[in-house]
Amino acid sequence: PGIAEVDLLLLVLSGVKRPKQFFLKLYGGGKLVEYTYHNAARRLIRLGYLERDRGRWYRPGKRTMALLTAAIIIYEHDNSNISNR
């Protein structure tokens with residue numbers, strides 16, 4: 001376990017739609033871990049890094065997608081410079 005928000009976001013980015021059970025296993029379970037999970041999810045949703053639909057499935061939010069897009073553009077730009085050398 002590391003930073004709860006980062007771990008939760010990585011679970012969602014890896015394709016897990018309902019990350020709670022994985023998060024609880026990662027952190028060892030218990031009431032404090034459930035509290036940590038809910039706080040992390042709430043913060044990520046509030047800040048726009050995660051979105052949740054009515055079925056309580058999570059997906060990357062607009063801010064996460066913007067960061068991923070920027071990272072892909074930078075990666076592609078750097079690789080195109082390497083191939084031009």
Side-chain angles (χ1 to χ4, degrees):
I3 299 170
E5 289 82 3
V6 174
D7 291 334
L8 180 55
L9 190 56
L10 287 173
L11 284 169
V12 172
L13 286 172
S14 68
V16 178
K17 300 289 185 188
R18 292 184 167 199
K20 185 176 180 178
Q21 71 183 31
F22 296 100
F23 187 91
L24 294 177
K25 284 181 184 176
L26 178 66
Y27 278 79
K31 289 291 181 187
L32 181 60
V33 174
E34 285 188 36
Y35 177 77
T36 302
Y37 170 81
H38 287 293
N39 278 341
R42 209 174 298 131
R43 247 188 314 267
L44 288 169
I45 290 169
R46 186 180 70 231
L47 295 172
Y49 291 102
L50 278 184
E51 294 177 355
R52 184 175 61 202
D53 66 9
R54 290 183 182 172
R56 297 213 178 254
W57 284 31
Y58 291 96
R59 63 181 174 270
K62 292 178 182 172
R63 279 187 149 175
T64 300
M65 295 310 292
L67 289 171
L68 288 174
T69 302
I72 290 169
I73 290 170
I74 290 169
Y75 175 78
E76 288 176 352
H77 181 272
D78 289 347
N79 283 340
S80 69
N81 287 339
I82 291 171
S83 64
N84 291 334
R85 291 182 192 168

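Remember, predicted model here, so these are calculated numbers, not experimental data. Quick note: residue numbers are just sequence positions, from 1.
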Between Val16 and Tyr58, is a side chain to side chain contact (heavy atoms under 4.5 Å, CB included) present by the stated rule, with each step listed?
-> CA-CA 8 Å; Val16 178; Tyr58 291 96; over 6 Å; no
Correct closest heavy-atom pair for Pro60 and Met65 would be CB-SD, 3.7 Å
Quick one: pull up NZ in Lys20 and NE2 in His38 and give me the separation to the nearest 0.5 Å.
-> 3.5 Å
Non-hydrogen atoms of Val12 and Pro19 that approach each other most closely | CG2-CG, 4.1 Å
Which pairs pass ring pair (Phe, Tyr, Trp, His ring centres under 6.0 Å) with one or both residues in residues 7-26, sequence neighbours excluded?
-> Phe23-Tyr27, Phe23-Tyr37
Smallest separation among heavy atoms of Leu47 and Arg63, with atom names | O-CD, 2.9 Å
Verify side chain to side chain contact (heavy atoms under 4.5 Å, CB included) between Arg18 and Trp57, making sure each step is shown before the conclusion.
-> CA-CA 6 Å; Arg18 292 184 167 199; Trp57 284 31; 3.0 Å; yes
In Å, rounded to the nearest 0.5 Å, how long is the span from CG of Asp7 to OG1 of Thr36?
-> 11.0 Å
Hey, could you give me the CD1/CG distance between Ile45 and Leu8, rounded to the nearest 0.5 Å?
-> 8.5 Å
Considering only heavy atoms from C-beta outward, does the side chain of Leu50 approach that of Thr64 to under 4.5 Å?
-> no
Please walk me through it: do Arg46 and Arg43 pass side chain to side chain contact (heavy atoms under 4.5 Å, CB included)?
-> CA-CA 5 Å; Arg46 186 180 70 231; Arg43 247 188 314 267; 3.4 Å; yes
